[in-house]
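See below for the structure under consideration.
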There are 2 protein chains.
Amino acid sequence: MNVHSARELARVHQALAEPNRIRILKMLEIRPLCVCEITAVLQLAASTVSKHLSILREAGFIVDHKDGKWVNYQLNEHPDPKVVGTCFSHLARLLTNDETVLSDAEKVRSVDRHQLCK
Amino acid sequence: MNVHSARELARVHQALAEPNRIRILKMLEIRPLCVCEITAVLQLAASTVSKHLSILREAGFIVDHKDGKWVNYQLNEHPDPKVVGTCFSHLARLLTNDETVLSDAEKVRSVDRHQLCK
DNA sequence: ACTACATTTAGGCAAGTATCGAAATAACCC
DNA sequence: GGGTTATTTCGATACTTGCCTAAATGTAGT
């Protein structure tokens, strides 16, 4: 669905108005991740990461799936509202050379929830 | 130029994360406007509008030109960073049926700085 | 230079946000 | 069922933001 009001559109952009949330979306471009993996990369409290994820979920950017004691988050393949989808395609082209994003990507590739969580 | 970091990109989105700033951009799609015209439409204090405009300017969305005692603001035709330009093209397609935006547009067409400012 | 007025800056207040640690919840394993 | 662990919710704190009023700045016309 299209966004209906300036207020709704503002909320979508608000979700992207925080660097750590952008880093999370760039990480999820690589693969679905659970909260503890994201927490390990961002070096924030788990509760903080959980909050960021709920903001991204409510804005329509990501969806979650339970997997035992883990919760996997991934990019929403059927973005709603539509503007979220266009944000995705920009995001995919942006920050491809950003140091932090590149280093996050490397950590994503090496991180493993089974080693992480004892 | 492309945006360099998640922080910079967040700042661009932060500019669009406020309904009144989105309304301002939709108004400027119609024509350049001075601060007092925007103030008359939004019904906010002039200083508040001025602050919103400076946020939009610093994010690269608008430029200003002095015109006597007025300052005209208009959409930046050479948006920098590039992502600002893509935001413009989405914005142009969004909120075309929003009541507030339509009513703002009507006011923009009837407002006149010379009548407004005695 | 003086006045008028559009705009910006400064100061203050209320509401919202990012963060943490601790407590609550949920799901696994023994 | 009881212990363990991943996640979310709650409460507190520091910071940021949006708004206003008042003061400062800049420009035009007399």
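Proteins get letters first, then strands, A, B, ... in listed order; numbering begins at 1 in each. Since we're looking at a predicted model, the values are computed, not measured.
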Distance in angstrom units between [X] [atom1] and [N] [atom2], rounded:
{"X": "A:Arg7", "N": "D:dG18", "atom1": "CZ", "atom2": "C1'", "result": "13 Å"}
{"X": "A:Lys69", "N": "D:dG3", "atom1": "NZ", "atom2": "P", "result": "16 Å"}
{"X": "A:Trp70", "N": "C:dT25", "atom1": "CH2", "atom2": "C1'", "result": "17 Å"}
{"X": "A:Arg21", "N": "C:dT19", "atom1": "CZ", "atom2": "P", "result": "8 Å"}
{"X": "A:Arg23", "N": "C:dA18", "atom1": "CZ", "atom2": "P", "result": "15 Å"}
{"X": "B:Arg11", "N": "C:dT17", "atom1": "CZ", "atom2": "P", "result": "20 Å"}
{"X": "A:Ile38", "N": "D:dT7", "atom1": "CD1", "atom2": "C1'", "result": "12 Å"}
{"X": "B:Leu56", "N": "C:dT7", "atom1": "CG", "atom2": "C1'", "result": "16 Å"}

Quick test of your reading: applying side-chain hydrogen bond (donor to acceptor under 3.5 Å, both in side chains), list the pairs with at least one residue in residues 41-54 of chain B, sequence neighbours left out, ordered by first then second residue.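 Of all non-adjacent pairs touching residues 41-54 of chain B, those that pass side-chain hydrogen bond (donor to acceptor under 3.5 Å, both in side chains) are B:Arg21-B:His52.
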
For residues 92-109 of chain B, which residue pairs qualify under side-chain hydrogen bond (donor to acceptor under 3.5 Å, both in side chains), counting only residues two or more places apart or in two chains? B:Arg23-B:Asp104

B:Cys36 side-chain proximity, nearest of D:dT8, C:dA18, C:dT7: C:dT7

Can you tell which of D:dG18, C:dA27, D:dT8 lies closest to the side chain of A:Ser50?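 In terms of side-chain proximity for A:Ser50, the closest of D:dG18, C:dA27, D:dT8 is D:dT8.
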
Are A:Trp70 and A:His114, when compared by the centres of their aromatic rings, separated by less than 6.0 Å?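 Yes, they do, as the ring centres are separated by less than 6.0 Å.
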
The criterion is side-chain hydrogen bond (donor to acceptor under 3.5 Å, both in side chains); which residues satisfy it with A:Asp64, sequence neighbours excluded? A:Arg57

Among residues two or more places apart or on two chains, list those pairs meeting ring-ring contact (aromatic ring centres under 6.0 Å, His included) that have a residue in residues 4-45 of chain A.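 Residue pairs passing ring-ring contact (aromatic ring centres under 6.0 Å, His included), neighbours aside: A:His13-B:His13.
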
Quick one: ring-ring contact (aromatic ring centres under 6.0 Å, His included) pairs with a partner in residues 76-103 of chain B, sequence neighbours left out? A:His90-B:His90, B:Phe61-B:Phe88

Atom pairs under 3.5 Å: protein N/O with N/O of nucleotides 19-21 of chain D:
unit_1	atom_1	unit_2	atom_2	d
D:dC19	OP1	B:Asn20	ND2	2.8
D:dC19	OP2	B:His52	NE2	2.3
D:dC20	OP2	B:Ala45	N	2.8
D:dC20	OP2	B:Thr48	OG1	2.8
D:dT21	O4	B:Ser47	OG	2.7

Report yes if at least one side-chain N or O of A:Arg113 is closer than 4.0 Å to OP1 or OP2 of D:dT5; otherwise report no. no

Quick one: does B:Leu44's side chain get under 4.5 Å of B:Ile38's, heavy atoms only?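 They are not in side-chain contact.
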
